[in-house]
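Keep in mind that the numbers below use all heavy atoms, side chains included, and drop hydrogens, waters and symmetry copies. Order of the sequence lines sets the chain letters (A, B, ...), proteins ahead of strands, with each chain counted from 1.
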2 protein chains.
Amino acid sequence: MSKQETEKVRVFALGGVGEIGKNMYGVEVDEDIIIVDAGLMFPDDDMLGVDIVIPDVTYLVENEDRVRGILLTHGHEDHIGGLSYVLKKINVPVYGTKLTLGLVEEKLKEAGIHKQTTLRLIDCNSRIKLGSTPVSFFRTSHSIPDCVGICVETSQGAVVHTGDFKFDQTPVDGKHAEIGKMAAIGQRGVLCLLSDSTNAERPGTTKSESEVGQGITDVFAKTSGRLIVTSFASNVHRLQQVIHAAVASRRKLAVVGKSMVRVITIASKLGYLKMPKDLLIDIDEVNRLKPEQVVILTTGSQGEPMSALTRMARGAHRHITITPDDTIIIAASAIPGNEKSVSAVIDQLHRIGAEVVYGSQAVHASGHGSQEELKLMLNLMKPKYFLPIHGEIRMQHAHRELGLQVGIKKERIYIVEKGEVVEFTNNQARRGGKVPSGHVLIDGLGVGDVGNIVLRDRRLLSKDGILVVVVTLNKKTNTIVSGPNIISRGFVYVRESEELLEKSNELVTAILQKSVTENVSEWSSLKSNIREGLSRFLFEKTKRRPMILPIIMEV
Amino acid sequence: MSKQETEKVRVFALGGVGEIGKNMYGVEVDEDIIIVDAGLMFPDDDMLGVDIVIPDVTYLVENEDRVRGILLTHGHEDHIGGLSYVLKKINVPVYGTKLTLGLVEEKLKEAGIHKQTTLRLIDCNSRIKLGSTPVSFFRTSHSIPDCVGICVETSQGAVVHTGDFKFDQTPVDGKHAEIGKMAAIGQRGVLCLLSDSTNAERPGTTKSESEVGQGITDVFAKTSGRLIVTSFASNVHRLQQVIHAAVASRRKLAVVGKSMVRVITIASKLGYLKMPKDLLIDIDEVNRLKPEQVVILTTGSQGEPMSALTRMARGAHRHITITPDDTIIIAASAIPGNEKSVSAVIDQLHRIGAEVVYGSQAVHASGHGSQEELKLMLNLMKPKYFLPIHGEIRMQHAHRELGLQVGIKKERIYIVEKGEVVEFTNNQARRGGKVPSGHVLIDGLGVGDVGNIVLRDRRLLSKDGILVVVVTLNKKTNTIVSGPNIISRGFVYVRESEELLEKSNELVTAILQKSVTENVSEWSSLKSNIREGLSRFLFEKTKRRPMILPIIMEV
């Protein structure tokens, strides 16, 4: 093959590498840009007040005419949660399996953009063309049904994106990952594999989802009181197993929490959840039945302060209050960063005296393959080049180690950060520069208007609060007309520190008087005099550094 | 024994139960109050700006004349970190082993109270009297040398406090836990056991500290570049093992970070750390030696933003910058709540391209016994009554399960929260009311001046920032003299939202004008009009709720 013969293939991540969440990847084949997923991320602790984070899609906006579509691997928030924001910026078709599109549709309706968006249904056997680039799919196992991996065909070989996967040998819905198809893809030749690194640090093989079902059934069997189960709403397999356990133990099922109700509604409608017609009861019917006749399925597995379970535990839920006779199953693990809030809910339930089943007690399994499964994927695909994706950088590095173990050459494994491009021509890879990338912060209705300055201020305010110093000056006569008034919030409780604030007032008055006498006519230098003088004084007295906001009113 | 014959024994926790940290327990034998430990806790995420948290000791202040002394089980911060604050409120003698008092002395000097404090040295064989109550000790194994459990003798049997413990069969210093002595105490009769619940959720037996040494030695042996090791500064056993590995691999040792230098200095001086004289080098000598001749021992195992390791990783350390050729050993686990910051440092090190050894890779062992060890302790002591302490409430509950397993009767296990008293007379226990207890927050120099109102304000400020609305009014003429001025911090970045702030200004002006016209003479109702009107407007436009602070200046 001569140098002119192959197309240029470029692969990059707009999110999902060097972080957990907001997965979004790009595969360019000459003029075609194909996007895989458009997820959201939950904010880090230092992103104060931020609701969610989505990828920066500047590159796609600038090249909208070349973006052929967004392919969705599955319906988890970290893969579809950014979609409605992205589609407001670029209007391109979205491809996904039945359940995935079912979940997406709901989101687009909420955002008011479902009419203008083209949704195209695919399944694991679809073969489509995006621009002039053929794309096919293969089924994977994960903690939500209807997941696919993606195979983008190029003349240099396939670019394969695994999506999220594990190899579950006893899947709840009986639908195994298509290992044979993966092997065939590998046989035909894979130029580059992008593979899920989430559990690359975990030795062995991930537990089957079916084992969780057994664990849940066991708890049901030995519980004589009321049962309350919480899990990730999107884990339809697990919800199905809770339903099985409810049926087997002759309990009625009440569903609580917005996302839980939504998923159960959609998944039932689309045939992904099966249950007897008379199983479901309304939440306000629960108290009419005996405790042993009921199971409540609720949101709140991450200890979210406003979730149904947390409110039940606090005694602040309208229908359900947890009692010492209840058994609560927390069929989920804490997402990194949520450890403390999950623990807080478990502790609160213990305080009430309820029975709590959680953690290592066999009621959770990860949706991501561990080291042996990741090596299996690498061996099936036999990629020429390998990009560990979907994970923090240490997970990408751990995945790289696995790649080395199965014989991929060191120089053919690329650890990329957001925006970094790997370019393939004539079956050779090289680093190909960067495309714009980053965090877009969403706070309330604001998309991207919370930037570094706002976050820095919030951090300052959160640590030691604020002192507002207001004074009214007559600029003509250069005299203080009114003030200074000092108001503090989040600094000290005024009643306990009257003396400190009085002294602060004296200090500011002295600074003002001096400035007025010296005819300091620049408001800005007057303000910085106040800020510096007061800041020094307060730090000396309290070792704290509140934000100081001098305001000068002119009459 | 007739009802009049026994003394009244009361046991309570001022901290350490229902939480991780600030351990402080009280044992009252008639008129004698004996305190065990006086620890600190690191603030929860919602205690914004707070540096540390200590127990509320109101009860001890009110009964100072009865407090016979504070017994220290060991020198960890969660057991001694509150001491200098407590001793400023009550001046009572402090008892501890050599290393513990060595660490305490340093703290008291910093606080300027070492001269007025009586420190009394004990060892595991001491027998002392506090008031008229005999107290003896037994040696335990933990992640710092010189740990003791405490045995308070009463006529109803012993009240035993285990301190923090595991049963390490191959302790680094060769000093085993005194199992025989524990068995003898059990034989003589234990009224009540207070035992460490930290790892009550963990099956099996905790790994020996010696295994960690082997893990560290292995990494040293196969590393040809520079080595950087971080660990808890207080884990003297682990530091000793790093020293052994350094000697064995012919490396010089440089120590970085205030707490690491302090512990190594004290532990060496007191004979708890042994090293060849020429082992230590100054940090500024490191760059003069070859990488393979050096190991750097540093603070920062918890990813603390200002710690030496974090600064090295950021390229912000004065002497050391981490390079791709370095190997970093993180010989510690993340304390709950620190998971994300530890991960961030590991990720940053990977970004640089350095080798990082951490986590499951055999370079950490817990200092607390797992389930089998906790059951062993219960079987040795054979207590009549059992109080699981030292842990979150779910850990206390898990420990309770272990108590049931070894045959302690359900009604003889007490799960207590802070302040709850268990009272023993005539060998019978009952709940005995509450003593005052709670969190005392320390922020800078302020002890206890950050209360709920200040924290609530900081939380509000951290989420959506603040808008200060200032207007100068002439009260006589009821006219607006100047303003309204609106200044925002942490809400939106002004340049991006000029329109929003302009509209806010118009709204406030309208509210003011209306109030002035209607002769609203109460500043407070004028302020609440502004607050409510502006809040409603901003929520509608942004779905955010910044704090709104109206200030009216009068001329």
Query - Atom group of B:Thr472 that falls short of 4.5 Å from chain A, counting heavy atoms - result: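 Both the backbone and the side chain of B:Thr472 come within 4.5 Å of chain A.
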Query - Side chain / backbone / both / neither for B:Glu355 at chain A, heavy atoms under 4.5 Å - result: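 No part of B:Glu355 comes within 4.5 Å of chain A.
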From [X] [atom1] over to [Y] [atom2], what is the distance, rounded to the nearest 0.5 angstrom?
| X | Y | atom1 | atom2 | value |
| --- | --- | --- | --- | --- |
| A:His397 | B:Ile346 | NE2 | CD1 | 12.5 Å |
| B:Phe491 | A:Asp443 | CZ | CG | 8.5 Å |
| A:Asp44 | B:Ser341 | CG | OG | 11.0 Å |

If every non-hydrogen atom of [X] is compared with every non-hydrogen atom of [Y], which pair is closest and at what distance?
| X | Y | result |
| --- | --- | --- |
| A:Val454 | B:Val492 | CG2-C, 3.5 Å |
| A:Leu461 | B:Gly465 | CD1-CA, 4.2 Å |
| B:Asp457 | A:Gly490 | CB-N, 3.5 Å |
| B:Ser462 | A:Leu48 | O-CB, 3.1 Å |

Query raised in the report: Is there a donor-acceptor pair closer than 3.5 Å between any side-chain N or O of A:Arg458 and the backbone N or O of B:Lys463?
Result: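 At least one qualifying donor-acceptor pair exists.
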Query raised in the report: Given A:Val450 and B:Arg544, is the side chain to side chain contact (heavy atoms under 4.5 Å, CB included) satisfied, shown in steps?
Result: CA-CA 12 Å; A:Val450 171; B:Arg544 299 181 198 169; 3.7 Å; yes
Requested in this report: Sort out for me which of A:Gln348, A:Lys340, A:Arg545, A:Arg351 touches chain B most, counting heavy-atom pairs under 4.5 Å.
Outcome: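 That would be A:Arg351.
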Query raised in the report: Pick from A:Leu460, A:Ile415, A:Val471, A:Leu549: which one has the most heavy-atom pairs with chain B under 4.5 Å?
Result: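 Counting heavy-atom pairs under 4.5 Å, the top option is A:Leu549.
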Query raised in the report: Run the side chain to side chain contact (heavy atoms under 4.5 Å, CB included) check on B:Met553 and A:Val470 step by step: do they pass?
Result: CA-CA 8 Å; B:Met553 302 291 286; A:Val470 195; 3.7 Å; yes
Query raised in the report: Among all residues two or more places apart in sequence or in another chain, which pass the ring pair (Phe, Tyr, Trp, His ring centres under 6.0 Å) test with B:His399?
Result: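 Checked B:His399 against ring pair (Phe, Tyr, Trp, His ring centres under 6.0 Å); matches are B:Phe386.
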**Report entry** Test salt bridge (Lys or Arg N to Asp or Glu O under 4.0 Å) applied to A:Asp347 - qualifying residues, sequence neighbours left out
**Finding:**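 A:Asp347 satisfies salt bridge (Lys or Arg N to Asp or Glu O under 4.0 Å) with B:Arg394 once adjacent residues are dropped.
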